[in-house]
Protein chains: 2
Amino acid sequence: MEQGADIARARKPTLKDVANMAGVSPMTASRVIGDKGGVSAEMTRKVHAAAKKLGYARNEAARLMRPGQRSGLLGVIVTNIDNPYYAQVLLGVEAAAKDAGRQIITGFSHNDPRLEAELVRDLSARQIEGLIVVPARADAPHLAAAAKAGMPIALASRSINHGRVDTVLVDDIGAVRTEVGKLLDEGRHPIAFLGGEPTITTAARRYAGFVQAHTDAGVEVDQRYVRQMPSEPAAVVRVTRELLAMDEPPAAFFTANNRFSINVLRVLLDPHARWTPHSTAPRLVGFDTFELADLVPYPLTLIEHDAQALGRLAAELTLRRINSAERTPPITMTMPSVGVVHGLQPNSS
Amino acid sequence: MEQGADIARARKPTLKDVANMAGVSPMTASRVIGDKGGVSAEMTRKVHAAAKKLGYARNEAARLMRPGQRSGLLGVIVTNIDNPYYAQVLLGVEAAAKDAGRQIITGFSHNDPRLEAELVRDLSARQIEGLIVVPARADAPHLAAAAKAGMPIALASRSINHGRVDTVLVDDIGAVRTEVGKLLDEGRHPIAFLGGEPTITTAARRYAGFVQAHTDAGVEVDQRYVRQMPSEPAAVVRVTRELLAMDEPPAAFFTANNRFSINVLRVLLDPHARWTPHSTAPRLVGFDTFELADLVPYPLTLIEHDAQALGRLAAELTLRRINSAERTPPITMTMPSVGVVHGLQPNSS
DNA sequence: CACCGGCTTGGTAACGATACCATGTACGAC
DNA sequence: GTCGTACATGGTATCGTTACCAAGCCGGTG
């Protein structure tokens, strides 16, 4: 049974092997495989038969060497898909890539600019046609340089400070301003802010919206309630507990992404922290949605947008550049986001 | 300002360009770039300087043409990352790939065997060194063929019927048998089964565990409570409502993956369906975990395993084959899974 | 002083696929 | 019957890189 199997791995069949078996020249076989036309039905049949018999698959690396050949690869760099948000973005990119007959090659930067720069190099070496990136930091010279060198790039969700690059953002500032504004209008004050460090542009923008809402309401932002930090779960839980233990606990929390929201929720729902009169329970407003937000037994407002559409849009910007010969000035688009009320009322039976 | 920019896209610098600028032969430049040693410090410095100045990145496609060169690419095919479960698997694969100095190239089969077969061809054409697949169906001749042709492959989570391929499974049958058995021991009967169609091996195996538990308890499986179907949310919600509306509603639900669990939960938590005496509320046991399972106001037991570890293990099996010259018989590994009690008690205050 | 050995450097060919051009063939038109 | 044209096929060169071999240079040794 097993004796027929080669011990060494079988060499992959080449176009020449197919041509030999079909009794034609490699050139004719190439035309058939590449579906270029101008080959008789007879030969086409023979070549296809030989290719099938040998299990031939074209060597993309070799094809790619010829000038003017497209790799059909789109590079994607996201920070981490631990957060389902980025999985959605990735899904949108993939859908757009597929529509354009492209394959995606994915890297995860884990929010590390060094890793991100390495990935850009590596993907570039693999002859990707374009790149979609969720940049780790606002300061990203490697991305600016790649764009300048002619690589079609689009940034998704976050932007960078220097460099002329297509970018798809979310209406962070406006939506946060509106929703935090509502809290202040209700007289909720002070409001705690938990978000990423300002080197991350979304975190910075969401904080800006938070500040603007306060300015609108004529209220000072109390810095004792502001925490700009990585969204590491244990740290978020600890910080939330600290805030709740203050002499004047926050009347509401604003969380700048779903990682913060979830872990703040964990503390707010902790049975040890029971808000005897229901009205004194802090309100929670968070950016980004998360699965099961509708089933959580705590009232919360989430500022939501379509992450998949965002990914798709970014990919389409990249593809637009791939398909056009000239360099056009970079575009920045902003996707709408909207506050959605979620959560079951606790103990309301 | 903008006038200096070329209208046409700049040609990428080649190794020859670097060599010319450094005043050495392409061969010497190649040695420096490839870190092969045997080049004087002086030349090394010059080549690196030139490479940096030109923004040179090696053309991987050209390098790859030479015989015996590895692409450094690992192909990954998952069904969809809409389900965070597969994002975890992907993350595990990526971690293992990174440890081995490999990049991953990802495709989504959307559970369509035809798409999956296309992806295998396409990835193979890109000279991937190996492949990690969550197969869409148990019947997958394209995967068996690829393995037979010498492609290092590992299957993750699901298996295929024919073909000799390394596989990492989860202890579906045993864990389901145990947990469903507990329900039956408590006298819960009938138990509804909601899971995927049996062409998906995990769905089939989890159903097998469900049946075994009944056999153990000497109880007949009542087919009126069994639904094998795609996990499309609206359909799951509808089916759950139908089951609850039966003359004898199920005393418990078993859901074969987290998509089913979540949508069954949505119905069970619907305020219109209120279980006046708490004990009559159906119990829920589900396979796979999901984020926020701990915050859901409904008692549930989830059969959990480490999806990231599973992905990593599958990748390591593929890498093992990549690194060994001979063909060894395929391995099947089974990861443990364990029932975990979750969920807040409703209205328990 | 001749020779040897080690070290550095460069020339050449080849990987697999395809663009370009040249050649061959068949058939219709005058 | 000859020529032209359209179509089918094949030969050759080439893409960027690196393995292999050859050659040059140096210092040391007999």
Side-chain angles (χ1 to χ4, degrees), chain A residues 9-48 50-51 54-73 121-122 124-129, chain B residues 9-48 50-51 54-73 121-122 124-129:
Chain A
R9 200 155 294 156
R11 192 181 60 89
K12 287 196 178 183
T14 72
L15 192 55
K16 213 163 138 188
D17 299 329
V18 174
N20 284 344
M21 173 172 279
V24 299
S25 77
M27 206 44 244
T28 299
S30 170
R31 277 187 270 253
V32 173
I33 299 295
D35 206 15
K36 289 280 189 299
V39 180
S40 66
E42 168 75 359
M43 292 297 178
T44 305
R45 198 188 46 71
K46 277 202 248 176
V47 171
H48 276 141
L54 291 173
Y56 172 75
R58 176 161 64 185
N59 184 333
E60 284 294 317
R63 190 184 65 83
L64 217 56
M65 282 199 57
R66 303 304 318 278
Q69 301 279 2
R70 341 200 88 175
S71 67
L73 280 178
R121 273 191 80 78
D122 191 81
S124 183
R126 292 189 198 284
Q127 312 303 109
I128 53 170
E129 295 180 49
Chain B
R9 200 154 292 154
R11 192 181 60 86
K12 288 196 178 183
T14 71
L15 192 56
K16 213 164 136 187
D17 298 329
V18 173
N20 284 343
M21 173 173 277
V24 300
S25 76
M27 202 47 240
T28 300
S30 171
R31 276 187 270 252
V32 174
I33 299 295
D35 207 16
K36 290 280 188 300
V39 180
S40 66
E42 167 76 357
M43 294 295 176
T44 305
R45 197 187 47 72
K46 277 202 249 177
V47 171
H48 276 139
L54 290 173
Y56 173 76
R58 177 161 63 186
N59 185 331
E60 283 294 318
R63 189 184 64 84
L64 217 55
M65 282 199 56
R66 307 303 321 279
Q69 301 280 0
R70 343 200 88 176
S71 68
L73 280 178
R121 273 191 79 77
D122 190 82
S124 183
R126 293 188 196 283
Q127 312 302 110
I128 52 170
E129 295 181 49

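Chain letters run A, B, ... following the sequence lines, proteins first and then strands; every chain starts at 1.
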- Select from R31(B) and A57(B) the residue whose nearest nucleotide in DNA chain D is closer to the 5' end of that strand.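 Comparing both residues, the 5'-ward one is A57(B).
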
- Message: Please report the interatomic distance CD(E60(B)) to CG(L73(B)), rounded to the nearest 0.5 Å.
- Response: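 It is 8.5 Å, given to the nearest 0.5 Å.
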
- Message: Using 0.5 Å steps for rounding, measure from the CD1 atom of I33(B) to the NE2 atom of H48(B).
- Response: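 Nearest 0.5 Å value for the CD1-NE2 distance: 5.5 Å.
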
Kindly point out which of [options] is positioned nearest to the side chain of [X]?
X      : options                   : answer
T28(A) : dG10(D), dC15(D), dT17(D) : dG10(D)
M27(A) : dG16(C), dT9(D), dG10(D)  : dG10(D)
R11(B) : dC15(C), dT18(C), dG16(D) : dG16(D)
V39(B) : dT9(C), dT18(D), dG10(D)  : dT9(C)
R66(A) : dA19(C), dG16(D), dA19(D) : dA19(C)

- With distance as the sole test, does R45(B) use its side chain to make a donor-acceptor pair with the main-chain N or O of S40(B) at under 3.5 Å?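 No, the answer is negative, given that no donor and acceptor are paired below the 3.5 Å cut-off.
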
Write down the distance between [atom1] ([X]) and [atom2] ([N]), rounded to a whole number of angstrom.
X      : N       : atom1 : atom2 : result
K46(A) : dT9(D)  : NZ    : P     : 9 Å
Q69(B) : dA14(C) : CD    : C1'   : 12 Å
K16(B) : dG16(D) : NZ    : P     : 8 Å
N59(A) : dG16(D) : CG    : P     : 17 Å
L15(A) : dA14(C) : CG    : P     : 19 Å
D35(A) : dT18(C) : CG    : P     : 12 Å
K36(A) : dA19(C) : NZ    : C1'   : 10 Å
E42(A) : dT9(D)  : CD    : C1'   : 14 Å

Heavy-atom side-chain proximity of [X] to [Y] below 4.5 angstrom:
X      : Y       : answer
T14(B) : N59(B)  : no
V24(A) : R31(A)  : no
K12(A) : S124(B) : yes

Please confirm whether the shortest side-chain N or O distance from [X] to OP1 or OP2 of [N] is below 4.0 Å.
X      : N       : result
S40(A) : dC7(D)  : no
Y56(B) : dT17(D) : yes
S25(A) : dT9(D)  : no

- Query: Closer to the 5' end of DNA chain C via nearest nucleotide, is it G38(B) or T14(A)?
  - Reply: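 Its nucleotide being nearer the 5' end, the pick is G38(B).
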
- Take M65(B) and G37(B), find for each the nucleotide of DNA chain C with the closest heavy atom, and name the residue whose nucleotide sits nearer the 5' end.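 Final value for this comparison: G37(B).
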
- Message: Under 4.0 Å, heavy atoms only, any strand: does R63(B) hit a base, just the sugar-phosphate, or nothing?
- Response: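 Sugar-phosphate, backbone atoms only, no base.
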
- Just checking R58(A): base, sugar-phosphate only, or nothing, at a heavy-atom cut-off of under 4.0 Å?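 Contact class for R58(A): sugar-phosphate only.
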
